[in-house]
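Since the structure comes first, as structure tokens, the remarks are kept for the end.
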Protein chains: 2
Amino acid sequence: MKTQKLTKGNIPLSPQIFYVLLSLAIKQRHGYEIMKQVQSDSQGKIKLGPGTLYGAIKRMLEEKLIIEITSDKQRRRVYKLTDKGRAIFQSELQRYNEAVELARQKKLLISPLINKFTLVYG
Amino acid sequence: MKTQKLTKGNIPLSPQIFYVLLSLAIKQRHGYEIMKQVQSDSQGKIKLGPGTLYGAIKRMLEEKLIIEITSDKQRRRVYKLTDKGRAIFQSELQRYNEAVELARQKKLLISPLINKFTLVYG
DNA sequence: GACAATATATCGTAAAACGATATAATAAAT
DNA sequence: ATTTATTATATCGTTTTACGATATATTGTC
């Protein structure tokens with residue numbers, strides 16, 4: 001009973017998987033590096049523990065969103081995005097963008113740059 | 001053992017919960033309306049079945065992200081965002097926006113408007 | 001009156017997140 | 001040189017969530 005789907009048709013992705021793909025979209029990385037990058041890319045909002053990280057990697061390998069490119073038997077195991085992984089990341093990124101645009105259009109997105117002063121005197 | 005957390009500190013939210021909050025950020029709605037709105041807001045990418053929908057509503061009520069404002073015993077049960085729900089939605093929307101901006105900055109966001117013609121002759 | 005769409009609810013399964021725990025190698029500090 | 005911190009990977013068990021199936025009733029339409 002192989003590990004599965006990453007949600008049907010891979011859309012939508014969980015935020016965790018999204019950030020893993022994002023980190024690998026820039027360059028190939030090993031597990032621990034992914035973990036740190038996700039934390040930094042998400043401004044500390046998402047922290048992957050080992051359980052989440054290696055569980056996610058395992059499923060993503062099975063789904064062929066990533067492949068391992070470790071040369072020989074190194075300590076670090078390096079992963080890179082497959083074309084499929086890149087396509088799915090792109091599709092999910094579009095969803096993020098569309099959601100933000102929709103929210104902006106509905107005046108729901110408050111710019112963090114607008115402070116109380118601006119709200120009162122702007 | 002009350003239903004729980006919606007992920008620790010409520011961040012990050014699952015895409016499903018995010019779209020439910022988005023639908024309620026615009027106006028109060030009843031369950032079935034939320035379901036339809038999520039589908040339309042996400043361009044059909046996210047479809048909530050009854051299990052997901054009413055399970056999510058139950059947990060969001062317990063977490064006090066939404067409250068029920070149904071008057072008397074109506075057929076439809078109407079929900080609206082609480083201040084907490086709105087704050088959490090806003091925080092999550094910021095995360096979406098930051099992720100998109102980061103991706104844009106890294107040249108990872110491909111505009112769907114740019115087609116092959118543009119890529120070749122632009 | 002029949003039928004489709006609306007509307008809510010629950011149950012069971014599967015999948016995912018996550019903390020705990022473990023182990024080992026490398027790098028830094030004393 | 002030895003201790004200590006950080007890096008690095010892995011697995012196990014629990015909790016949480018998503019989600020399809022199923023059920024039921026109401027409202028609206030032909």
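Just so it is clear, the structure is predicted and the values come from calculations on it, not from any experiment. A note on names: the letters A, B, ... follow the listed sequences, proteins ahead of strands, and every chain is numbered from 1.
With dT7(D), dA10(D), dT10(C) as the candidates, the nucleotide lying closest to the side chain of Lys36(A) is dT7(D). Of the candidate nucleotides dT17(D), dA8(D), dA17(C), dA8(D) has the atom nearest to the side chain of Arg76(A). Checking dC18(C), dA18(D), dT6(C) against every side-chain atom of Thr52(A), the shortest atom distance belongs to dC18(C).
The pair Glu101(B)-Lys106(B) does not meet the salt-bridge criterion, since no charged nitrogen lies less than 4.0 angstrom from a carboxylate oxygen. A salt bridge is defined here as a Lys NZ or Arg NE, NH1 or NH2 lying under 4.0 Å from an Asp or Glu carboxylate O, and Glu62(A) with Arg59(A) fails to meet this definition. Between Glu63(B) and Lys84(B), at least one side-chain N (NZ, or NE/NH1/NH2) sits under 4.0 Å from a carboxylate O, which counts as a salt bridge. Taking 4.0 Å as the cut-off between side-chain N and carboxylate O, Glu98(B) and Lys45(A) count as a salt-bridged pair. Ion pairing of Glu92(A) with Arg95(A) is present here, as a side-chain N (NZ or NE/NH1/NH2) and a carboxylate O approach within less than 4.0 Å.
Computed from coordinates, the Ile46(B) CD1 to dG20(D) C1' distance equals 17 Å when rounded to whole Å. Residue Gln37(B) contributes atom CD, which lies 14 Å from atom P of dT6(C) at whole-angstrom precision. The interatomic distance linking Leu13(B) (CG) with dT16(D) (C1') rounds to 14 Å, in whole Å. Put simply, CD1 on Ile57(B) is 12 Å from P on dA7(C), counting in whole angstrom units. Here the P atom of nucleotide dT17(D) and the CD1 atom of Ile17(A) are 17 Å apart, to the nearest Å. Going from atom NZ of Lys58(A) over to atom C1' of dT9(D) covers 13 Å, rounded to whole Å. With rounding to whole Å, Tyr19(B) atom OH is found 13 Å from dC19(D) atom P. What separates CD of Gln16(B) from C1' of dA16(C) is a distance of 12 Å, to the nearest Å.
In this structure Lys107(A) satisfies the side chain to side chain contact (heavy atoms under 4.5 Å, CB included) test with no other residue, sequence neighbours excluded.
Using modelled atom types and a 3.5 Å distance limit, the side chains of Gln90(B) and Gln94(B) yield a donor-acceptor pair.
Phosphate contact (OP1/OP2 of dA15(C), side-chain N/O of Arg59(A), threshold under 4.0 Å): absent.
Non-hydrogen atoms lying under 4.0 Å from DNA chain D are contributed by His30(A), Gly31(A), Tyr32(A), all within residues 26-35 of chain A.
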With 3.5 Å as the limit, what N/O pairs link the protein to nucleotides 25-28 of chain D?
residue	atom	partner	partner atom	Å
dT26(D)	O2	Arg75(B)	NH2	2.9
dT27(D)	O4'	Arg75(B)	NH1	3.4

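For the pair Tyr54(B) and Gly51(A), nearest-nucleotide mapping onto DNA chain C gives the more 5' position to Tyr54(B).
By the 4.5 Å heavy-atom criterion applied to side chains, Leu108(A) and Ile26(B) are counted as neighbours.
Residue Ile88(A) holds its CD1 atom at 9.0 Å from CE of Met60(A), rounded to the nearest 0.5 Å.
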